[in-house]
Amino acid sequence: MKSALALIAIIAAAGSLCAAEQLKIAADAFTANEKQGRSVFEGHVRIKMGSDELNASRVEVYTAEDRTPTKYIASGDASFFLKADNGATYSGRAQKVIYLPLKEQYSFYGDVHLMQHDEHKQIDGEEVVVNIQEGTAAARGAERQPVIMIFNLPEEKKK
């Protein structure tokens with residue numbers, strides 16, 4: 001269980017959209033309301049920063065008065081690929097992803113599938129919430145489907 005929670009925390013840490021890199025967003029349509037601090041990207045949205053990528057049908061970006069992002073909401077078959085500082089790679093998908101950069105909290109909703117490729121670890125569920133600042137993670141299954149965590153255990157040495 002600790003390995004699965006560590007996987008979730010690492011995934012969230014790897015995907016921070018606040019790094020000092022160029023953030024590129026491509027979409028079929030874009031609208032913004034500066035007074036509300038809200039930008040909406042719709043249709044084949046692709047967000048790329050370094051080697052990290054987020055794809056969705058729609059992404060809303062909320063900002064504070066100083067234009068610092070405060071919330072990202074990706075919906076409609078959201079998928080992502082992340083590369084951590086240690087070289088590990090992660091991918092996943094969910095129907096909705098909410099990222100709160102100030103709290104360092106990720107929430108994944110609807111048919112959630114998260115995978116760490118190099119360690120062959122994965123978690124599937126209906127809802128997964130990870131808070132990096134607090135070091136907490138929680139997962140919930142659907143009504144008749146449990147949370148599933150899969151990870152490889154090290155082989156025991158033969159005596």
| said: Looking at Ala32, is its backbone amide N or carbonyl O close enough to the side chain of Ser39 to form a donor-acceptor pair, meaning the two atoms are under 3.5 Å apart? | reply: no
| Out of curiosity, Phe41 CZ to Thr31 OG1, how far, rounded to the nearest 0.5 Å? | 8.5 Å
| task | Decide if atom NE2 of His44 counts as having more than 12 heavy atoms of other residues, nucleotides or ligands within a radius under 6.0 Å. | result | no
| query | Are the side chains of Val129 and Gln105 in touch, meaning some heavy atoms are under 4.5 Å apart? | reply | yes
| Of all heavy-atom pairs between Val147 and Arg140, which one has the smallest distance, and what is that distance? | CG2-C, 3.3 Å
| What distance separates Ile148 CD1 from Asp124 CG, expressed to the nearest 0.5 Å? | 5.5 Å
| task | Tell me whether Tyr99 is reachable from Val40 by hopping between hydrophobic residues (I, L, V, M, F, W, Y) whose side-chain heavy atoms are closer than 4.5 Å. | result | no
| For the atom pair OH (Tyr62) and CD (Gln36), what is the distance rounded to the nearest 0.5 Å? | 8.5 Å
| message | Which heavy atom of Thr70 sits nearest to which heavy atom of Pro101, and what is that distance? | response | O-CD, 3.2 Å
| task | Flag yes if Phe81 and Val97 sit in one hydrophobic cluster, no otherwise; membership is Ile, Leu, Val, Met, Phe, Trp, Tyr, and two members link when side-chain heavy atoms are under 4.5 Å apart. | result | no
| Reported OG1-to-CG distance for the pair Thr68 and Leu102, which is rounded to 0.5 angstrom | 7.5 Å
| request: Write down the atom of Ser75, the atom of Ala56, and the distance for their closest heavy-atom approach. | output: O-CB, 3.5 Å
| Is there side-chain contact between Ile98 and Lys96, with at least one heavy-atom pair below 4.5 Å? | yes
| Nearest heavy-atom neighbours spanning Ser57 and Val45 | O-CG2, 3.7 Å
| field | Separation between CD of Gln122 and NE2 of His117, rounded to the nearest 0.5 Å | value | 10.0 Å
| task | Salt-bridge test for Glu60 and Lys71: reply yes if a basic N is under 4.0 Å from a carboxylate O, no otherwise. | result | no
| Given side chains that start at C-beta, do those of Glu53 and Ile47 come closer than 4.5 Å, heavy atoms only? | no
| message | Measuring only between side-chain heavy atoms, which start at C-beta, is Glu34 closer than 4.5 Å to Arg67? | response | yes
| query | Is the closest side-chain heavy-atom distance between Tyr72 and Tyr106 below 4.5 Å? | reply | no
| field | Minimum heavy-atom distance between Val112 and Glu126, given as atom pair plus value | value | CG2-O, 3.7 Å
| remark: All heavy atoms of Leu114 vs all of Val128, minimum pair found to be CD1-CG1, 4.2 Å
| query | Are the side chain of Thr63 and the backbone N or O of Pro69 linked by a donor-acceptor pair below 3.5 Å? | reply | no
| With a 4.0 Å cut-off, would you call Glu42 and Arg58 a salt bridge? | yes
| So how far is it from Ile123 CD1 to Met115 CE, rounded to the nearest 0.5 Å? | 12.5 Å
